[in-house]
Amino acid sequence: MEPLNDWRDDTRLTHAGRDPASHGGTVNTPLYRASTFVWPNARTLPDYLQRADDPHLREHIYGRNGNPTTAAFEDAVAALEGGFRSLVMPSGLAAIAGAVLALVKAGDHVLVTDNCYGNARQLFERVLPETGVEVEFFPPLLGSDIAALMRAETRLVYAEAPGSNTFEVQDIPALARVAHAHGALLVMDNTWATPLFFKPFVHGVDVSIQAATKYLVGHSDAMLGVITTSEALYSQVRERVRLLGYIAGSDDAWLGLRGLRTLGVRLRQHQRSALAVARWLTARPEVLKVLHPALPDCPGHALFQRDFLGASGLFGVVLRPVPEAALHAFLDGLQLFAQGASWGGFESLIRIAHGRRRFPGALPDGPLLRLHVGLEAVEDLIADLDRGFARLRT
Ligand SMILES: *Cc1c(COP(=O)(O)O)cnc(C)c1O
């Protein structure tokens, strides 16, 4: 579909990754469940295999390399991210592991932001060193001063903005400039903003990953990841992640496509409600600090204003120190904020978060909570928290 490049994001969300004319007129790309695609005859096999390897064609030959449903999801995400092409993955963590393992080899040095997603941190701390890759963490707000850490062997800088739990916003264009000047690549986790609110390839990112489990799927009912790369890196990353055996299930990719159709309206509502809750929290006496990138207290707020197109529904709150029993009474009595892992679904969540860091930041001392503001009426959410604070005080 030609106009895709000119369309605005809401139009892309509605039309990317589907082509009724190719599917008997059905509005949605059907769910293809397939391991095997048969080829026409023995004589054409060599040609067929070669075509299957061509990144510009979409020939399906075996389920582990994708099928029309996963390809439709990949096309839609690539159009939104502004990268060359995307690769569907079975989870967000698989997308991180796959992208990193595709780009580094023994002897390389990688620089990782200190506020990266917790399981990514464990991957970098525990798995990468065993493959002969040296990992060094850097403070998230380092910006262009990262130049002092670059070495001849530095192959990759790994960023996440805003970072998990502590929400520091990184200077992605500065990291990209320095990485590229030293012959290294910039990989970024773009899960929080989604490509609607941050355009990674405009800001110099080479490989963007997303936990599609969160906003893209958007309904807390599937695990899904996606890697998007520049044209120069696509073939290498595709070959490596498929050799590592990574592919997502068709049902989950289909749920990702379904989720994309409403991503724009959902995300704008998450943004509005989360900002209302965050502002209400800033005025509460029980609260020390609200870590929301769109509020001035958040480290890197100026970078957020410069580079981001909006804020999603996930943010942090530091409470004044309270006895554990009071904190638990606050949390356990909430009716609308369930406590659970993950985020990005239609429903609100809250959890005690950990900002374990190598470089202690400017976080005040007190319990750190992470809120995901869902699509409930914001007045009901605020009333729920208000009753929670009454429990906290007694
Ligand atoms: C959840 C999350 C991931 C991992 O995604 P999964 O689908 O749970 O594997 C990666 N990055 C961020 C920022 C996340 O919040």
Side-chain angles (χ1 to χ4, degrees), residues 70 73 77 81 86-101 112-125 127 140 158-170 172 187-198 200 205 207-228 241 244-249 251-253 255-256 259-260 267 270 274 291-293 300 304 308 311-316 339-345 347-357 368-374:
T70 60
F73 175 73
V77 174
E81 290 253 64
S86 298
L87 291 156
V88 70
M89 299 290 279
S91 71
L93 187 58
I96 297 169
V100 171
L101 292 172
V112 179
T113 185
D114 199 29
N115 61 356
C116 70
Y117 173 67
N119 287 127
R121 182 182 199 93
Q122 292 192 35
L123 171 82
F124 284 113
E125 280 180 337
V127 180
Y158 183 88
E160 181 180 323
S164 286
N165 296 326
T166 42
F167 296 92
E168 301 93 338
V169 181
Q170 300 200 276
I172 298 295
V187 178
M188 180 195 177
D189 184 330
N190 195 30
T191 303
W192 184 86
T194 86
L196 289 196
F197 288 162
F198 186 81
V205 170
V207 175
S208 162
I209 76 93
Q210 284 181 80
T213 308
K214 311 291 169 52
Y215 283 122
L216 271 45
V217 167
H219 292 71
S220 306
D221 51 6
M223 300 297 297
L224 193 66
V226 61
I227 302 172
T228 305
V241 299
L244 288 167
Y246 288 125
I247 185 72
D251 294 62
D252 298 330
L255 287 170
L260 278 179
L267 213 55
H270 285 298
L291 302 167
H292 187 302
F304 172 81
F308 285 67
S312 64
L314 187 80
F315 64 94
Q339 296 173 67
S342 201
W343 50 278
E347 83 291 8
S348 290
L349 290 171
I350 194 167
R351 64 167 296 178
I352 300 173
H354 303 285
R356 285 196 203 95
R357 297 289 179 253
L368 174 61
L369 300 178
R370 190 186 73 178
L371 280 76
H372 178 253
V373 173

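Residue numbers run from 1 in the order of the sequence given. These numbers come from the heavy atoms of this one structure, side chains and all, not from hydrogens, waters or symmetry mates. If you're wondering where the values come from, they're calculated on a predicted model, not measured in any experiment. For ligands, and for the atoms within them, numbers begin at 1 and follow the listed sequence.
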Quick one: pull up [atom1] in [X] and [atom2] in [Y] and give me the separation to the nearest 0.5 Å.
X      : Y      : atom1 : atom2 : value
Ile96  : Arg121 : CD1   : CZ    : 13.0 Å
Asn165 : Leu314 : CG    : CG    : 8.0 Å
Trp192 : Phe308 : CH2   : CZ    : 6.5 Å
Leu196 : Tyr215 : CG    : OH    : 11.5 Å
Asp189 : Gln170 : CG    : CD    : 10.5 Å
Ile209 : Thr228 : CD1   : OG1   : 9.5 Å

N/O donor-acceptor pair under 3.5 Å between Glu160 side chain and Thr113 backbone: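 Not confirmed, Glu160 side chain does not pair with Thr113 backbone.
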
His270 side chain vs Ser312 backbone, donor-acceptor pair below 3.5 Å: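 Here the side-chain-to-backbone pair does not exist.
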
Which bit of [X] is near ligand 1, meaning a heavy atom under 4.0 Å away: side chain, backbone, both or neither?
X      : result
Leu93  : both
Ala94  : neither
Trp343 : side chain

Min heavy-atom dist Gln210 to ligand 1 below 4.0 Å: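 It does not, in that no heavy atom of Gln210 comes within the 4.0 Å cut-off of ligand 1.
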
Ligand 1 contact by Ser342, heavy-atom criterion under 4.0 angstrom: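 Flag not set, Ser342 not near ligand 1.
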
Students should be able to answer this: which protein heavy-atom is nearest to [atom], and at what distance?
atom                   : value
atom 7 (O) of ligand 1 : Thr213 OG1, 2.6 Å
atom 2 (C) of ligand 1 : Lys214 NZ, 2.4 Å
atom 5 (O) of ligand 1 : Ala211 CB, 3.1 Å
atom 6 (P) of ligand 1 : Gly92 N, 3.3 Å
atom 4 (C) of ligand 1 : Tyr117 CE2, 3.4 Å

Cys116 versus Tyr158, closest heavy-atom pair with distance: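 Nearest pair, atom of Cys116 first, then Tyr158: CB-CE2, 4.0 Å.
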
Numbering as shown, the atoms of ligand 1 that approach [X] to under 4.0 Å (heavy-atom distance):
X      : result
Met223 : 6 (P), 7 (O), 8 (O)
Ser164 : 13 (C)
Asp189 : 10 (C), 11 (N), 12 (C), 13 (C)
Ser91  : 7 (O), 9 (O)
Glu160 : 13 (C)

Of Asn115, Thr166, Asp114, the residue whose pairing with Arg357 passes side-chain hydrogen bond (donor to acceptor under 3.5 Å, both in side chains):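 Answer after filtering Asn115, Thr166, Asp114: Thr166.
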
